[in-house]
Amino acid sequence: MRHERHEWWQTDVVYQIYPRSFKDTTGNGIGDLHGIIDELNYLSETLGVDAIWVSPFYPSPMADFGYDVSDYCDVDPMFGDLATFDRLVARAHEAGLKLIIDFVPSHTSDQHPWFIESRNSRQNRRRDWYVWRNPKADGSPPNNWLSVFGGSAWEWDEGTGQYYLHSFLKQQPDLNWRNPAVEAAMLDNMRFWLDRNVDGFRLDAVLFMLKDPEERDNPPNRDGAQHMHKSLGAYEAQLHMHDQGHEDVHRVFRDIRAVLDEYEPPRMALGELHIFDAGELAKYYGEHLDELSMPANFGLLKVPWTAAEIRGIVDGLEAALPAGAWPNYVLGNHDDQRLTTRLGEHGSRQAAVILLTLRGSPTLYYGDELGMHEAAIPPHRRQDPWSLTVPERGRDGCRTPMQWSPDPAAGFTSAREPWLPVGSDYTVRNVQSQLSDPHSHLNLYRRLLTLRRNSAALRTGSYRPVDPVPSDCFVFERWQGNEQVLVAVNFSADDLSVAVPGRHGRIAVSTQRVKEGTAMDGTLDLQPHEAVVVV
Ligand code: NOJ
């Protein structure tokens, strides 16, 4: 069997940190970079992940909590400074962790000096760095494009008598990537961080970088098809054909990849885009695998949690990806309801097994290793701007402080009030308590991560589904050379028996734990909801 060479980002488990909520070391109720440095040992040793992705920490008015960047080449004082960032990179590398940072290419803050200049006058040298357009004859916006966060995507500027485009908040004006000077400046901003030794980027909202050059109206969404894996409210009234994802974006991705390849070893880009057709998604790796290192794959967030649906996503992607393209799987992040709330306790344990044993790079969201629930946020504590326009879309509940201990404020901060309330499950769902409970979520993740670290089959091996199995089961095999790993997940509430003739082995990890270490010989008996990994 051929042994392909794998890049680090194809074998590593990436852990996403929302820095506001990870660990506060200054006592202001907001997490900071120093807090991440303090917990590197937790990440690399106690938990056992291989890479961290840090959500935005750039100077920002925080209209969208850092996804509105006012300086791409600095650290917001709330989170630390560049010297602390450099220390974070160095310490992470010493601990054997790669470091990926979030980069927001499609829009800046309206307080970014470029936009302040651009807004000054129609003649300003930076006017064309953003998308400014005249109103229609009746004074209305130039087309029907909508903002993801609600309302028109066009904001009227009284001072210069034109509209500007914002695909998200009006405080997040879209950059004009058709202007070569914008592209050059943004690529330089990426080099700034690459020169500081970051290992790659998570690129935010990449499809919004390039739109239809003719800026045609979007057609109505007559059959109500959902655009993403969740409903976006009034935004679903249109088919988003023209306001995002223009094919010219592929050229820009190649340009970005060329910058990443200027470095040795080459750096990576994980692109955030929401495409649910595996064939379409595959295109973003590039015809010659020269675009995004990995497009994020939100497929498992969209489907009902059943054996057939999950297998459908996995097999569909496996069939669609060209040789050399490496899958990614997402089950939680700072935009989506917490995993354990979405899937329940059993589902969230099954998800841990699936996420960490499929062929592909998992991104794991902070706190999901504890099974943290979506927190209930009282109206007066709401922070997310989206919760003001589409309340059911509010993302505060998945952004609450990391739960380190059963102490007040879950050991996250010494402040009386963290920026968001601590989830009410913190007395049980915290690192300290779960470390001493062998049945805990955290210890399940730790066992899975240790197994994965020591298994070439799990890190880089091939994937094949196992048939026939009961319809409520998803069973697959991973193998590399002589090493074989069998994964079986029972989605039903009944005991089930799975026959895998000729397969012998030992249950290395089970969501129910008690069976770990026992042998299997041709048949696997699964308890209700149980997921097992057999080596
Ligand atoms: C996607 C990010 O994940 C989300 O948090 C943000 O609000 C939007 N992009 C806009 O940057």
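Every number for a ligand or one of its atoms is a count from 1 in the order of the listing. Hydrogens, waters and symmetry mates are skipped; everything else that's a heavy atom, side chains included, is used. Note that this is a predicted model, so its numbers are computed, not measured.
Close contacts between ligand 1 and Arg395 involve ligand atoms 4 (C), 5 (O), 6 (C), 7 (O) [criterion: under 4.0 Å to a heavy atom]. Taking every non-hydrogen atom of His107 and a distance limit under 4.0 Å, the qualifying atoms of ligand 1 come out as 10 (C), 11 (O). Contact atoms of ligand 1 toward Arg399: 5 (O) (distance under 4.0 Å to a heavy atom of the residue). Counting the atoms of ligand 1 from 1 in the order shown, those under 4.0 Å from a heavy atom of Phe149 are 7 (O).
For the residue pair Asp24 / Thr413, a side-chain donor-acceptor distance below 3.5 Å is found, with atom types taken as modelled.
Within 6.0 Å of CD on Glu287 lie no more than 12 heavy atoms contributed by other residues, nucleotides or ligands.
Of the protein's non-hydrogen atoms, the one nearest atom 8 (C) of ligand 1 is Phe168 CE2, 3.8 Å. The shortest contact between atom 6 (C) of ligand 1 and any protein heavy atom is with Asp64 OD2, 3.3 Å. Ranking the protein heavy atoms by distance from atom 5 (O) of ligand 1 puts Asp335 OD1, 2.8 Å first. The protein heavy atom nearest to atom 9 (N) of ligand 1 is Asp204 OD1, 2.9 Å.
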- [ ] In sequence, state the C-alpha distance, the side-chain angles, and the governing distance for Asp32 and Met78, and then conclude on side-chain contact (heavy atoms from CB on, under 4.5 Å).
- [x] CA-CA 7 Å; Asp32 44 63; Met78 170 188 296; over 6 Å; no
Task: side-chain contact (heavy atoms from CB on, under 4.5 Å) evaluation trace for Leu273 with Tyr284 - done: CA-CA 9 Å; Leu273 40 73; Tyr284 291 88; 3.7 Å; yes
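Residue-level proximity to ligand 1 for His274 is absent, since no heavy atom of it falls below 4.0 angstrom.
With a 4.5 Å cut-off on side-chain heavy atoms, Phe149 and Ser167 do not count as touching. With contacts defined as side-chain heavy-atom distances shorter than 4.5 Å, the pair Val104/Asp68 does not qualify.
When each of Asp212, Asp128, Asp248 is checked for a salt bridge (charged side-chain N to carboxylate O under 4.0 Å, His left out) with Arg178, only Asp248 meets the rule.
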